[in-house]
Amino acid sequence: MTDTPFLPDFFLRPTLAVARGVLGALLVRDVPAGRLVGRIVETEAYLFNDPACHAVRMTLAGPEHCHTARNAAMFGPPGHAYVYFTYGNHFMLNIVTQPAGTPEAVLIRALEPLEGVGEMLHARPVDPRNLTNGPGKLTQALSIGTALNGHDLSLPPLRLVQGTPVPEDAIVAAPRIGITRATEWLYRFYERGNGWVSRPRS
DNA sequence: TCTTAGATGCGCT
DNA sequence: GCGCATCTAAGAA
């Protein structure tokens, strides 16, 4: 069960459907210290015509003005990783969706740790309850940085594999966190009642 | 338990 | 310079 990858077509579905569909999927990360596995419990969708997306300028000025070194991976093939650095400290992990040329992605916001918790705590020495309940936290716990930007998520050392999908009636849609534009769009999805979901700042 | 401010560095204007 | 798909420590209650 931890070895079934997603078929490429999965990432060609509408990005909002992918954001729901990867809830329950597993992220498998191989590091020298061992194998780390986390279950995805919270995501956000970012669309090409989305004011909060790094590639929104495509709609305004055309692709040639919005395709930059930073967001290049979002224009690449679906099912690959888009990793970027922000706030001077943190890496964000996204799954690229849509055909190459259409910059959309799904941000992984929280994981439920399943395997390798001891190794994760070594990479991120904090109270275990704060190990992977946020987008910057989980990348630190899994040692994910820009070296994995553009990486094919069907291959080691970072793979996305199928788990038990979260049923639709257990998925909550909510406003995205930490953005200043399009804050009313319900593009954040999480598993209802899961204790690893990040908490919005008030 | 909750709220606030500061850190930190890259990409853009 | 300013903003940022964030996190943490410190302080109040």
Side-chain angles (χ1 to χ4, degrees), chain A residues 11 15-16 18-20 22-23 27 38 40-76 78 80-98 102-111 113 120-151 153 158 160 172-190 195-202:
Chain A
F11 305 105
T15 297
L16 291 170
V18 177
R20 292 172 173 270
V22 296
L23 291 175
L27 216 46
I40 298 173
V41 298
E42 179 181 357
T43 61
E44 282 178 1
Y46 287 87
L47 275 52
F48 77 91
N49 59 351
D50 176 348
C53 182
H54 292 160
V56 66
R57 280 170 51 95
M58 175 150 122
T59 336
L60 310 173
E64 65 280 11
H65 294 295
C66 102
H67 189 306
T68 67
R70 184 208 200 189
N71 65 20
M74 262 204 299
F75 289 85
H80 287 226
Y82 168 42
V83 181
Y84 70 91
F85 181 74
T86 191
Y87 286 110
N89 299 321
H90 304 291
F91 296 101
M92 302 286 121
L93 171 65
N94 296 255
I95 303 165
V96 175
T97 60
Q98 303 306 298
T102 302
E104 303 197 348
V106 172
L107 170 71
I108 308 302
R109 278 199 60 91
L111 297 177
M120 294 185 201
L121 282 168
H122 188 73
R124 178 176 161 74
V126 295
D127 182 321
R129 282 221 50 86
N130 291 324
L131 189 54
T132 54
N133 60 340
K137 300 178 184 180
L138 68 92
T139 53
Q140 185 186 5
L142 298 195
S143 301
I144 293 171
T146 48
L148 288 166
N149 190 31
H151 171 74
L153 289 171
L158 180 62
L160 179 70
V172 180
R176 292 175 292 185
I177 294 180
I179 56 171
T180 57
R181 292 172 293 237
T183 53
E184 72 282 5
W185 294 6
L186 304 182
Y187 281 8
R188 172 177 173 239
F189 306 97
Y190 60 89
W196 292 97
V197 172
S198 69
R199 290 210 177 257
R201 303 249 124 200
S202 55

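In the text below, chain A, chain B and the rest are named by the order of the sequence lines, each starting its count at 1.
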Engineer: Could you tell me the separation between the OG1 atom of A:Thr102 and the CE atom of A:Met74, rounded to the nearest 0.5 Å?
Structural biologist: 11.5 Å
Engineer: Is it true that a side-chain atom of A:Asn71 and a backbone atom of A:Thr68 form a donor plus acceptor pair closer than 3.5 Å?
Structural biologist: yes
Engineer: Whole-Å distance between B:dG9 P and A:Tyr84 OH?
Structural biologist: 18 Å
Engineer: I want to check one thing: is the phosphate of B:dG11, taken as OP1 and OP2, less than 4.0 Å away from some side-chain N or O of A:Thr68?
Structural biologist: no
Engineer: Can you tell me how far C1' of C:dT6 sits from CD1 of A:Ile108, to the nearest Å?
Structural biologist: 16 Å
Engineer: Return no unless some side-chain N or O of A:His90 is found under 4.0 Å from OP1 or OP2 of B:dT8.
Structural biologist: no
Engineer: Keeping A:His67 on the side-chain end and A:Phe75 on the backbone end, is there a donor-acceptor pair under 3.5 Å?
Structural biologist: no
Engineer: Between A:Leu138 and A:Thr180, which has a closest nucleotide on DNA chain C that is more 5'?
Structural biologist: A:Thr180
Engineer: Testing A:Val106, A:Val56, A:Ile179 for side-chain contact (heavy atoms from CB on, under 4.5 Å) with A:Tyr46, which one passes?
Structural biologist: A:Ile179
Engineer: Please determine whether a side-chain nitrogen or oxygen atom of A:Thr86 lies at a distance below 4.0 Å from atom OP1 or OP2 of B:dG9.
Structural biologist: no
Engineer: Grab the CH2-C1' distance between A:Trp185 and C:dA5 for me, whole Å please.
Structural biologist: 14 Å
Engineer: Need one value for A:Gly136: base, sugar-phosphate or nothing, where a base atom within 4.0 Å counts as base even if backbone is also close, heavy atoms only.
Structural biologist: sugar-phosphate
Engineer: Looking only at atom P, what distance separates B:dT3 and C:dA5, rounded to whole Å?
Structural biologist: 23 Å
Engineer: Map every base of DNA chain C to its dot-bracket character, where paired means a Watson-Crick or G-U wobble contact with both distances under 3.5 Å and | marks a partner outside the strand.
Structural biologist: ||||.|||||||.
Engineer: Whole angstrom is fine here: how far is it from CE in A:Met74 over to C1' in B:dG11?
Structural biologist: 14 Å
Engineer: I need the CZ-P distance between A:Phe85 and C:dA5, as an integer number of Å.
Structural biologist: 13 Å
Engineer: Atom CG of A:Asn71 and atom P of C:dC4: how far apart are they, to the nearest Å?
Structural biologist: 16 Å
Engineer: In this structure, how many angstroms lie between the C1' atom of C:dT6 and the OH atom of A:Tyr87, rounded?
Structural biologist: 6 Å
Engineer: On DNA chain C, check which nucleotide each of A:Gln140 and A:Ala52 is closest to and give me the residue with the more 5' one.
Structural biologist: A:Ala52
Engineer: Any side-chain N or O of A:Arg124 below 4.0 angstrom from OP1/OP2 of C:dT8?
Structural biologist: yes
Engineer: Taking only N and O in the side chain of A:Arg188, is any of them less than 4.0 Å away from OP1 or OP2 of C:dA5?
Structural biologist: no
Engineer: Starting at CG of A:Asp50 and ending at P of C:dC4, how long is that distance when rounded to a whole Å?
Structural biologist: 14 Å
Engineer: Can you label the angle between the A:Phe91 ring and the A:Phe85 ring as parallel, tilted or perpendicular, going by 30° and 60°?
Structural biologist: tilted
Engineer: For nucleotides 11-13 of chain C, print each protein N/O atom paired with a nucleotide N/O atom at under 3.5 Å, atom names and distance only.
Structural biologist:
none

